[in-house]
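Because only heavy atoms are used, hydrogens play no part in the values below, and waters and symmetry mates are left out as well, while side chains stay in.
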Amino acid sequence: MLIPLVTGAEVTFWIGAPLAVLGALGLVFSRRAVYAALSMAVAMISLAVLYASLDAPFLAMTQIIVYTGAVMMMFLFVMMMVGVNTPDSAVETLKGQRPLAILAGIGLAALLIFAIIGSITQPAATVVEANAQFGGNPQGLANLMFGRYIFVFELASALLITAAVGAMILAHRQRVTPKRDQRELAQERMAAYADKGEHPGPLPNSGVYATTNSIAAPALLPDGSIAPKSISQTLLLRGAVIDPIPLAKVTDQTFAAIEAVEEDEDE
């Protein structure tokens with residue numbers, strides 16, 4: 001009885017592929033943004049390991065440096081600014097997005113099924129031949145990307161450029177009045193202070209507590225009440241403001257414990 005030869009690439013596949021699938025499932029089904037981001041990092045690192053096992057070191061390093069490094073850091077930075085405890089809005093902002101999401105899920109499932117069937121019935125496609133033919137992995141990848149798949153590559157580039165230009169146009173606001181300088185803004189603040197009693201200084205920062213420093217957490221005034229101007233109006237309209245009272249209790253308990261220790265030392 002002949003024992004089939006198991007290569008290192010196959011062992012790596014059976015270890016890395018389930019981790020990538022579990023990371024993808026965690027990204028989809030996690031209800032907390034931090035867990036979803038960590039699951040995405042697991043999936044990306046597993047893909048990098050699979051690329052390295054298939055003799056594609058350039059793709060492996062690109063996966064780690066660009067996606068796991070740069071893109072994931074951007075996600076974590078956004079979550080740090082918005083707050084990990086911010087509740088999700090249950091209001092649909094786009095009409096008909098659920099049927100479209102269901103159709104997109106069915107289409108994606110069909111593509112995955114066809115891809116799995118094709119990988120089983122057809123011989124495995126590797127980059128060994130391209131690496132040997134063009135003298136290395138970056139050279140082989142460049143030849144395939146700018147040769148055989150040049151149309152798809154340029155189409156993806158045009159799509160990304162169109163998305164960037166569209167985002168710039170949507171975010172652009174046509175100015176209909178002349179821009180006010182610093183002197184006019186200061187005069188307006190002082191006039192509002194004289195007429196309405198509004199404070200001419202900058203708005204207060206968001207609350208910084210022992211367990212969170214999110215912009216969704218409002219600051220507290222000396223009397224313990226909430227400072228209204230420390231809350232973003234956008235988050236306030238969305239109902240995504242964190243209740244600061246339980247957060248402030250942690251600080252009060254910490255100060256009480258410190259004072260108790262000081263009293264014990266004095267006695």
Group every Ile, Leu, Val, Met, Phe, Trp and Tyr by side-chain heavy-atom contacts under 4.5 Å, then state whether [X] and [Y] land in the same group.
{"X": "Leu159", "Y": "Val152", "value": "no"}
{"X": "Ile150", "Y": "Leu155", "value": "no"}
{"X": "Leu25", "Y": "Val28", "value": "yes"}
{"X": "Leu59", "Y": "Phe153", "value": "yes"}
{"X": "Leu27", "Y": "Val66", "value": "yes"}

How far apart are the closest heavy atoms of [X] and [Y], and which atoms are they?
{"X": "Ser230", "Y": "Ala219", "answer": "OG-N, 3.0 Å"}
{"X": "Ala60", "Y": "Ala52", "answer": "CB-N, 3.8 Å"}
{"X": "Ala24", "Y": "Ala43", "answer": "N-CB, 4.1 Å"}
{"X": "Ala227", "Y": "Ile231", "answer": "O-CG1, 4.0 Å"}
{"X": "Ser46", "Y": "Gly16", "answer": "CB-O, 3.5 Å"}
{"X": "Pro218", "Y": "Ile242", "answer": "CD-O, 3.2 Å"}

To the nearest 0.5 angstrom, please state how far the [atom1] atom of [X] sits from the [atom2] atom of [Y].
{"X": "Met190", "Y": "Asp195", "atom1": "CE", "atom2": "CG", "result": "11.0 Å"}
{"X": "Ile169", "Y": "Thr162", "atom1": "CD1", "atom2": "OG1", "result": "10.0 Å"}
{"X": "Gln187", "Y": "Gln182", "atom1": "CD", "atom2": "CD", "result": "11.0 Å"}
{"X": "Ile113", "Y": "Leu108", "atom1": "CD1", "atom2": "CG", "result": "10.0 Å"}

Phe146 CZ: over 12 foreign heavy atoms closer than 6.0 Å:
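More than 12 within 6.0 Å, yes.
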Answer whether the closest heavy-atom distance between the side chains of Thr12 and Val49 falls below 4.5 Å.
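With C-beta onward as the side chain, the pair touches.
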